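We number each residue from 1, following the sequence as shown. Just so we're clear, the structure is a prediction, and the values are computed from it rather than from any experiment. Order of appearance sets the numbers: ligands from 1, and atoms from 1 within every ligand.
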Amino acid sequence: MSENRYYQPEIETMPLEEMEKLQSEKLVKQVRHVYDNVPFYRARMDEKGVSPDDIHGIEDLHKLPFITKSDLRDQYPDGLCAVPMSECVRIHSTSGTTGRRVVAYYTQHDVDLWEDCCARAITAVGGTKEDVCQVAYGYGLFTGGAGLHGGSHKVGSLTLPMSSGNTERQIQFMMDLGSTILCCTPSYAAYLGEALKEMGYKPEDNKLKAGIFGAEPWTEEMRRDIEKSLGIKAYDIYGLTEISGPGVSFECSEQKGMHVNEDHFIPEIIDPDTEEPLPLGEKGELVFTCIDKEAFPMMRYRTRDICVLSREKCSCGRTLIRMKKPMGRSDDMLIIRGVNVFPSQIETVLLQEGYSPNYKIEVDRVNNNDTLDVYVELTEDQFSDTVKTVTAAERQLAGAIKTMLGINPAVHLVPPKTIARSEGKAVRVVDKRKLHD
Ligand code: ADP
Ligand code: ZN
């Protein structure tokens, strides 16, 4: 059973007091390390009037300056590297979803601790050396493939380094080699589910038992959809290149938020406007401090992911703090006619109303008015309907979205297979207003 299996039980079930002691010891050392080795950190700390001697433990974390994505871009490529280049063994880079790519450096120690985090995630969903782990995240600069690949090796599972794409071959290997765990983005998992069905397979025909899906926001509705189409349990995993990659946090059997590997990464939630830390349970911007990494140890890095932390006891026995599924990044948020809209809210409505997760959102400005167009693909079954019923369905769906968001969209139900599928991170939003700016 997955419930009580841990990869590193002494860490994953460590009493809070001990964990805080461990974090404090590591933090003190880490602050000294970055101050001594990274001119940028030294300058920032001097500017803020804080020295390594002021940091005695996690209670002093709030004294440290923040670091933002634009700092990373300014310091590109290696201005924040805290060890000589000869000590580094790997680089990865962000997917560039929101602008210029950022490059992160890893020592062997950094790769090791990252792979341990992914091994914890695989073990938490029931993975063992008996499993066949199909890694369908992209390999290369993107961290998805490398992270889960390393974690799968550590667990001792048979690793299938498929990378993303080539869907027919994915399915052939899944079937022939009996994959039991699938790792990819949720949008690609949904696509694989659809492709399996088209090839005539039923959910029970594959040997998969669990999926580890992340790297992009996805909704509970999407989770249920994938679980049904693949006949598996679908688990969330979160991470970002700046902090290491997938496995910064991972879901357990509870499927209720992700345990943060807080022996390596201390999470905080801050008010994005005042930059003040918020109490546990409040929603705000997620910030991480890497207390173990050598080469690229981000200190109070502002992720822009909007999230909530919880210390509520978890039935899996892990004591690691949990974070809720992030709703999306502050920069994913669209402001349409003055209303804040997260694409994930629209996804929730679509799936609740029985539509497919294949959709596209287009925002534009016409005569100084924001427009919101939602294109939703019909399934073959839905498509046989007459024009009259389609128009009624569009109106009904627009009403449901209006109830959720408070603004009226134009809904377009489009024929099957007209919206491009995603093999990695899905691009669902086109904001044409940016073109006019
Ligand atoms: P980029 O910033 O270019 O997308 P990354 O590949 O490092 O580069 O992506 C990290 C980001 O992906 C996170 O900051 C977060 O916004 C998003 N992300 C990763 N995992 C999840 C998840 N499980 N749920 C929601 N968002 C996620
Ligand atoms: Zn748990």
Side-chain angles (χ1 to χ4, degrees), residues 2-6 9 12-13 68-70 72-73 91-104 114 118 120-121 123-125 137-138 140-148 164 183-187 189 211-220 222-223 234-261 265 267 285-288 296 298 301-307 310-333 342-344 347 424-428:
S2 57
E3 281 85 38
N4 295 315
R5 296 194 55 263
Y6 315 108
E12 294 174 61
T13 63
T68 64
K69 193 134 182 166
S70 77
L72 295 196
R73 292 192 175 122
I91 70 153
H92 280 286
S93 151
T94 58
S95 346
T97 314
T98 52
R100 184 167 155 191
R101 285 168 184 265
V102 162
V103 181
W114 173 30
C118 290
R120 290 179 195 173
T123 308
V125 309
Y137 283 109
L141 283 171
F142 178 52
T143 52
L148 271 310
S164 60
C183 309
C184 59
T185 58
S187 53
I212 303 180
F213 306 132
E216 63 184 3
W218 54 310
T219 56
E220 282 304 323
M222 180 92 158
R223 184 202 311 259
Y235 298 91
D236 206 352
I237 187 166
Y238 166 91
L240 61 168
T241 315
E242 297 89 320
I243 304 304
S244 64
V248 169
S249 66
F250 62 98
E251 232 173 21
C252 63
S253 50
E254 275 267 287
Q255 293 181 299
K256 259 204 192 140
M258 296 172 273
H259 289 285
V260 179
N261 285 311
F265 319 113
E285 180 178 348
L286 187 57
V287 170
F288 282 108
F296 207 66
M298 293 288 103
Y301 179 64
R302 293 185 58 168
T303 63
R304 298 178 295 172
D305 287 321
I306 306 298
C307 199
S310 158
R311 280 259 177 229
E312 213 178 293
K313 197 163 178 244
C314 189
S315 68
C316 76
R318 285 178 186 79
T319 47
L320 299 172
I321 195 166
R322 269 183 294 173
M323 57 180 263
K324 265 203 188 151
K325 184 186 269 306
M327 269 187 96
R329 273 192 287 223
S330 48
D331 37 4
D332 291 336
M333 192 182 78
F342 278 101
S344 56
E347 180 178 302
K425 293 193 188 220
V427 182
R428 305 198 195 271

* Asked: Say you draw a straight line from NZ of Lys256 to CG of Asp236; how long is it, rounded to the nearest 0.5 Å?
  -> 15.0 Å
* Counting both backbone and side chain atoms, is some N or O of Thr143 under 3.5 Å from an N or O of ligand 1? -> no
* To do: Kindly confirm or rule out an N or O of Thr241 lying under 3.5 angstrom from an N or O of ligand 1.
  => yes
* Looking at ligand 1, does any of its N/O atoms fall within less than 3.5 Å of an N/O of Trp218? -> no
* **4.0 Å heavy-atom contact, Lys425 with ligand 1** => yes
* Asked: So is Ala215 polar-close to ligand 1, meaning N/O to N/O under 3.5 Å?
  -> yes
* So Phe288 and Phe265, would you call those rings parallel, tilted or perpendicular, with 30° and 60° as cut-offs? -> perpendicular
* Are any of the N/O atoms in Phe213 less than 3.5 Å from those in ligand 1? -> no
* Can you tell which part of Leu240 has a heavy atom less than 4.0 Å from ligand 1: side chain, backbone, both or neither? -> both
* Asked: Within the distance-only criterion (no hydrogens, no angle test), does the side chain of Glu347 pair as donor or acceptor with the backbone N or O of Trp218 below 3.5 angstrom?
  -> no
* Asked: When you check the gap from the basic side-chain N to the acidic O, do Lys69 and Glu242 get nearer than 4.0 Å?
  -> yes
* Would you indicate whether the side-chain heavy atoms of Met323 and Ser249 approach each other to under 4.5 Å? => yes
* Just distances here: any N/O of Arg329 and N/O of ligand 1 closer than 3.5 Å? -> yes
* Structure fact -> The angle formed at the Zn ion (ligand 2) by SG of Cys252 and NE2 of His259 is about (to 10 degrees) 110°
* **Heavy atoms of other groups near Glu254 CD, more than 12 under 6.0 Å** => yes
